[in-house]
Amino acid sequence: TQLLEQSPQFLSIQEGENLTVYCNSSSVFSSLQWYRQEPGEGPVLLVTVVTGGEVKKLKRLTFQFGDARKDSSLHITAAQPGDTGLYLCAANFGNEKLTFGTGTRLTIIP
Amino acid sequence: DTGVSQNPRHKITKRGQNVTFRCDPISEHNRLYWYRQTLGQGPEFLTYFQNEAQLEKSRLLSDRFSAERPKGSFSTLEIQRTEQGDSAMYLCASSLAGGFATEAFFGQGTRLTVV
C-alpha cells in the first residue's frame, strides 16, 4: 500500500510569516501534484512536478520535488489570509490514479 | 464554464434510499475518476474510467455502489440502500490520458448526508 504522509496536519500562523508543508512517502512516485481545497469545494490544482530535484514557483509559493522522488515540499512566503485552506499533495505511483495525502489545514491569522 | 461539473451539489437522503450523482468532465478528457472525502481526510480513490471502460475499482467500492460512463462522456455514481457511513463529499475528476503526468481536475463535489 502506497501512503503519503503530510506534515504538519494543522498550521496556524500570523499574516506575513513564512511556512513549509511536507509530503513524504516510502515509495517512489512518478509525479506529484499539490492541490488547495476550500470548505465545501473540490480541490484546485496548484502545480505538477515530475522531475527529481525540480523546483517550481507560483508567485509566493515554491514547490520542490525531492531528488529521490519520494518527497515534496510547499513553501509559502509572506502568508496572506487568502492562503487559508486545506493543502493536499497527490502522487502518481506509476498507475493511473492519484493517491492523496492526509492534508495540511492552514490558517493565516490577519 | 468548461470545468468539471457535478450535480447535485448537496443531497440529503434517508437511510435505505438510493441516490445517484452525475459528473460531466472536461469535454476533451477521456479519463474520469470518482473519489470520496470524509471530514478532515484527503480524498480516497473509488474508481476510474478511460472512455466508457471502468478500469479500476477500489475495495472501498462495496456492492451497493455502481458507476457508469455509458458513452464515454458523463458519468453517474449510484449508491443503493444508503447507510449513515456513506455520508461524505463525493468528488469527480477528469484528466487526459497520455497527458502531462496524471493532472486531474476536480469538480465542486456532491455533499451527501444520510439521516
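Just so you know, these numbers come straight off a predicted model, no measurement behind them. First the proteins, then the strands, lettered A, B, ... as listed; each starts at 1.
Ranked by non-hydrogen atom pairs under 4.5 Å with chain B, the options A:Gly103, A:Pro39, A:Gly101, A:Gly40 are led by A:Gly40. No other option in B:His10, B:Arg111, B:Arg9, B:Gln50 has as many heavy-atom pairs under 4.5 Å with chain A as B:Arg9. Chosen from B:Ala104, B:Gly107, B:Gly109, the residue pairing most often with chain A at heavy-atom distances under 4.5 Å is B:Ala104.
B:His29 and B:Ser95 are not linked by any side-chain donor-acceptor pair at a separation below 3.5 angstrom, with hydrogens and angles left out of the test.
Heavy-atom distances place the side chain of A:Gln37, and not its backbone, under 4.5 Å from chain B. In this structure, chain A has a heavy atom under 4.5 Å from the side chain of B:Glu56, while its backbone stays farther away. Residue contact with chain A, scored on non-hydrogen atoms closer than 4.5 Å, involves the side chain of B:Gln37 exclusively.
Separating the CG atom in A:Leu88 from the CG atom in A:Leu4 is a distance of 10.5 Å, to the nearest 0.5 Å.
Between B:Asp86 and B:Arg64, at least one side-chain nitrogen of the basic residue sits less than 4.0 Å from a carboxylate oxygen of the acidic one, meeting the salt-bridge criterion.
Between A:Tyr87 and A:Phe63, the ring center distance fails the sub-6.0 Å criterion.
Proximity of B:Tyr48 to B:Leu32: side-chain heavy atoms (C-beta onward) are nowhere separated by under 4.5 Å.
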